[in-house]
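What you are looking at is a predicted structure, and each value in this text was computed from that prediction instead of being measured. Labels below follow one simple rule: chain letters A, B, ... track the order of the sequence lines, proteins then strands, and each chain is numbered from 1.
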There are 2 protein chains.
Amino acid sequence: MKRVTMADVAKLANVSKSTVSQYLNKRYDYMSEETKKRIAKAIEELGYQPNIIARSLKQKSTATIGVIVFNVLHMLTTQVLRAIEDVCQERDFHVIVCNTDDDPDKEKKYIEMLRAKQVDGLIVFPTGRNLKLYERMVEEKFPLVFVDRMVPNTPVDAILLDNHKASKLAVDHLVEHGYERIGMVTPPIVSHVIPRLERIEGFKHALVEKGLPVVEEYIVGMEIPYMKEGLEKLFSSECPPQALFAINDLTLMEILNFVKENNIKIPDDLALISIDDVSFANIYTPSLTTIAQPTFEMGRKAAERLFMKIDQRNEDRHQILRFSPTLIKRESVKSRI
Amino acid sequence: MKRVTMADVAKLANVSKSTVSQYLNKRYDYMSEETKKRIAKAIEELGYQPNIIARSLKQKSTATIGVIVFNVLHMLTTQVLRAIEDVCQERDFHVIVCNTDDDPDKEKKYIEMLRAKQVDGLIVFPTGRNLKLYERMVEEKFPLVFVDRMVPNTPVDAILLDNHKASKLAVDHLVEHGYERIGMVTPPIVSHVIPRLERIEGFKHALVEKGLPVVEEYIVGMEIPYMKEGLEKLFSSECPPQALFAINDLTLMEILNFVKENNIKIPDDLALISIDDVSFANIYTPSLTTIAQPTFEMGRKAAERLFMKIDQRNEDRHQILRFSPTLIKRESVKSRI
DNA sequence: CGTGTTTACTAAATCGATTTAGTAATAGGA
DNA sequence: TCCTATTACTAAATCGATTTAGTAAACACG
């Protein structure tokens with residue numbers, strides 16, 4: 001109803017607004033004990049709560065950052081988000097979360113709205129299709145960090161998985177266990193989704209390194225709803241793969257669904273390895289061999305990098321930080337014969 | 001650097017700030033085409049972006065709400081959050097997300113900070129241990145909605161699962177399949193966690209209704225890290241349960257870990273049912289019979305209720321809204337002989 | 001005793017919008 | 001022709017803090 005303002009406190013304590021403001025900001029340099037007490041009492045009595053919006057206007061800082069993700073429902077996102085929030089909590093910052101569903105228009109709208117709301121920085125899982133917008137932010141030196149994806153030719157700090165290494169870990173692990181016909185399952189290969197490209201490239205490269213042929217038919221690249229058909233086709237071919245590498249948790253789910261429906265035995269009929277250490281990897285039978293991303297470290301680092309920029313500890317060069325994946329050996333890959 | 005303000009636009013377009021403001025708010029009532037064009041051009045030329053903070057100060061509305069949860073990593077939370085964000089997106093509102101880890105001090109701090117930041121409303125998964133604070137918000141008629149938990153004697157809208165029904169669905173399903181010795185696994189039973197209490201109460205009530213005895217030893221109430229020991233003890237007793245009811249996804253995970261380690265066959269040695277339809281319920285072998293919460297509907301409703309209050313469509317009475325769980329029959333419960 | 005310094009405050013400007021009250025010019029009606 | 005209405009704007013107050021420049025009183029020192 002009748003919001004209490006600093007002026008009310010000042011009046012009751014018989015001092016000026018300025019003095020109350022000094023008090024609230026703990027600038028006690030030249031303030032008598034007497035006055036401090038009177039102000040404290042007035043605040044208490046009126047139940048005064050400062051209006052941070054007013055302060056933000058003057059100070060040009062909102063102690064709020066925006067995090068723009070594809071979809072909080074994805075495990076990677078949730079974990080990165082949690083790590084970011086933890087770092088923010090330490091600095092009394094707040095986090096605004098937005099879901100783009102990988103839609104560039106939504107991304108644009110959110111970035112513009114959040115900037116209008118004067119957030120102090122943005123951590124973005126970029127769709128990769130708003131180049132102008134990204135560039136504008138760079139020009140204006142607006143604190144910005146990308147996570148999961150990077151955008152070629154756009155000098156923005158990015159926190160990424162070492163995707164080549166992830167694929168190599170998977171391939172090497174399979175090859176070392178005697179597998180030679182290795183398939184890869186992924187959503188469609190489009191040019192602006194860099195990690196996808198890198199994982200596929202890494203996959204092919206690792207095969208070649210091991211002296212194995214790259215069989216294009218073994219690379220199933222389809223939208224999730226059609227993946228089942230793709231797998232059916234793959235396994236009805238005369239020489240189907242002995243092992244599958246799932247590019248992420250969503251494709252893993254499709255594969256698990258498929259093997260269940262078709263009664264394929266893992267690891268005996270088919271070995272399986274995936275990127276993303278899903279929650280049930282340990283619990284599933286057989287337990288699932290996975291390549292884990294250090295999601296919390298990545299989120300933490302993203303936030304730390306952002307705060308470096310917010311604090312103007314500039315170090316003007318932008319950096320692409322690659323985080324190492326970890327192979328977690330379980331039972332879905334076993335030695336052949 | 002040199003932020004562009006409305007004054008700059010006004011100067012360039014040769015009109016007053018007021019006119020620019022009218023233009024931006026699409027109050028074209030008495031504005032010549034000529035002027036509109038000039039303003040549009042000036043905005044374009046300067047790359048003007050409005051400062052919403054300044055507007056918020058005047059308008060006393062930030063188009064931002066706070067969502068305070070235990071932990072975004074929980075599936076329920078993530079899904080509810082996503083639904084809330086969708087509703088907000090439709091109204092051009094933004095969402096600040098905070099994790100309390102079920103710590104009342106963190107909860108208090110967040111609520112106070114967010115209110116200081118003038119959020120227009122709060123959706124809270126309450127710890128239940130900040131009664132004064134909750135009451136103050138009620139008194140001040142601050143828009144507030146609780147989710148997942150409610151707080152007795154505190155008249156706040158709450159979006160809850162019909163926990164009694166959830167337990168009843170589970171028990172009835174088991175009993176109908178011939179099970180009589182049914183255990184329940186839950187975190188410790190503490191008085192401020194109402195849903196837990198309700199689920200346990202519902203469990204006991206459903207047993208009695210079916211003419212079965214309530215065996216206290218069959219109710220394992222332990223912190224997650226100790227649950228394993230609790231289960232070991234339970235299954236080393238002379239007459240262990242034939243079926244287990246997991247109160248939520250976290251306890252389900254513990255049980256699944258336990259059965260895997262101890263080579264217990266589901267559903268032959270032990271039937272299993274749980275609240276929360278985990279992502280892998282379909283994929284697991286056997287697929288898991290679960291009681292699903294309508295998480296998205298709950299999140300949506302929470303946001304809608306909050307907006308009702310924000311829009312002052314008051315309807316002063318507070319409401320406790322109970323959402324019906326759904327039994328999803330799969331393979332982890334089968335008919336006994 | 002006069003001047004400079006320190007202490008303990010305050011008045012007023014400021015942040016960047018919105019909004020209210022007002023003004024000047026033109027149009028319309030009796 | 002005079003008076004009111006309408007149109008197309010603007011000046012100034014306002015939101016609730018922060019911050020700068022300033023002032024009055026007490027004190028310090030040669």
Applying salt bridge (charged side-chain N to carboxylate O under 4.0 Å, His left out) to B:Lys117 and B:Glu112, what does each step give before you reach the verdict? CA-CA 9 Å; B:Lys117 278 194 181 170; B:Glu112 282 171 352; over 6 Å; no
Which part of the nucleic acid, if any, lies within reach of B:Ser18 when heavy atoms closer than 4.0 Å are counted: base, sugar-phosphate only, or nothing? base
What's the separation between atom CZ in A:Arg149 and atom CG in A:Leu197, rounded to the nearest 0.5 Å? 11.0 Å
Can you work out whether B:Lys60 or B:Lys17 has the more 5'-proximal nearest nucleotide on DNA chain D? B:Lys17
Please indicate whether A:Lys109 has more than 12 foreign heavy atoms, meaning atoms of other residues, nucleotides or ligands, lying under 6.0 Å from its NZ. no
Within the 4.0 Å heavy-atom criterion, would you say A:Val20 contacts the bases, only the backbone, or no part of the nucleic acid? nothing
Is a donor from one side chain sitting under 3.5 angstrom from an acceptor on the other, for A:Thr35 and A:Ser32? yes
Does A:Val15 or B:Tyr48 map to a spot on DNA chain C nearer the 5' end, using the closest nucleotide for each? A:Val15
For DNA chain C, whose closest nucleotide is more 5', that of B:Pro50 or that of B:Gln22? B:Pro50
Under 4.0 angstrom between A:Tyr30 side-chain N/O and C:dA8 OP1 or OP2: no
For the residue pair A:Phe125 and A:Ile68, establish whether any side-chain heavy-atom pair is separated by less than 4.5 Å. no
B:Tyr110-A:Gln89 side chain donor-acceptor pair, cut-off 3.5 Å: yes
Between A:Met6 and B:Arg38, name the one whose nearest nucleotide on DNA chain D is closer to the 5' end. B:Arg38
From the 5' end of DNA chain D to its 3' end, which nucleotides mark the outer limits of contact with chain A, defined by a 4.0 Å heavy-atom distance cut-off (strictly under)? D:dG16 to D:dT19
